[in-house]
Peer 1: 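Below: one structure in structure tokens.
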Amino acid sequence: MHTPEEKKGRVTGYVPGGFDMFHIGHLNVLRAARQHCDRLVVGVAADESLYRMKGRMPIIPLRERCELVASLRFVDAVVVDLDQDKRLAWRLQPFDILFKGDDWKGTPKGDKLEAEMAEVGATVFYLPYTPSTSSTKLRRFIAPEDFTDEDVLAEGAVPSGVQVR
């Protein structure tokens, strides 16, 4: 896999995400992505797509999530990401590199994403994931009723201050 800098010409990067409850992890990945491309497009997942993926609606509505991301000076464009299949996103807004957190690297999800991007001539470039904060952790704190015992246990540990019911 080539680094973004090894590509010749203008490089368009794409960062897909829910961007629900925008936090430092989101900011970190977007800033890092911008350092590796000339043009940064961010795909904000549609509410329905997030529901299909996570089984619950986002806390922040799509329009507001798009506006928050668009307000960042290093983001060139924001589009609505309609599906988990990023080949569809590529067809609607072609890009050279899809940026993802390195928590996907070497996983079945990451391998599938890499294969799908190869089909359209794009590459996946992994950026450092910020483990201290995630929308899931924030949501668990704000709306613990959205989580079952299995959700908490599936992540491997019970966060301090959270009781398993």
Peer 1: Return the CG to CZ distance between L92 and R87, rounded to the nearest 0.5 Å.
Peer 2: 13.5 Å

Peer 1: Using the ring of each side chain (for Trp, its six-membered ring), is W90 parallel, tilted or perpendicular to F95, with breaks at 30° and 60°?
Peer 2: perpendicular

Peer 1: Using only atom types and a distance under 3.5 Å, with no angle test, would you say the side chain of R65 pairs donor to acceptor with the backbone of F19?
Peer 2: no

Peer 1: For Q93, is the CD atom crowded, meaning more than 12 foreign heavy atoms sit under 6.0 Å from it?
Peer 2: yes

Peer 1: May I ask whether L27 and V29 are part of the same hydrophobic cluster, defined by side-chain heavy atoms of I, L, V, M, F, W, Y residues being less than 4.5 angstrom apart, directly or through others?
Peer 2: yes

Peer 1: Any side-chain to backbone donor/acceptor pair from H36 onto A33? Under 3.5 Å, distance only.
Peer 2: no

Peer 1: Kindly indicate whether the side chain of W104, heavy atoms from C-beta on, has any atom under 4.5 Å from the side chain of E114.
Peer 2: no

Peer 1: At their closest point, which heavy atom of G13 faces which heavy atom of C37, and how far apart are they?
Peer 2: N-CB, 3.8 Å

Peer 1: So, does D20 use its side chain to make a donor-acceptor pair with the main chain of I59 at under 3.5 Å?
Peer 2: yes

Peer 1: Hey, can you pull the donor-acceptor pairs under 3.5 Å for the side chains in residues 70-83, sequence neighbours left out?
Peer 2:
from, atom 1, to, atom 2, distance (Å)
S71, OG, L68, O, 2.6
D76, OD1, R34, NH1, 3.4
D76, OD2, R34, NH1, 2.2
D76, OD2, L40, N, 2.8
D81, OD1, D83, N, 3.4
D81, OD1, K86, NZ, 2.9
D81, OD2, Y14, OH, 2.7
D81, OD2, K86, NZ, 3.1
D83, OD2, D85, N, 2.8

Peer 1: Compare every heavy atom of C66 with every heavy atom of V44, then report the nearest pair and how far apart it is.
Peer 2: CB-SG, 3.8 Å

Peer 1: Under the side-chain contact (heavy atoms from CB on, under 4.5 Å) test, which residues partner S49, sequence neighbours left out?
Peer 2: A46, R52

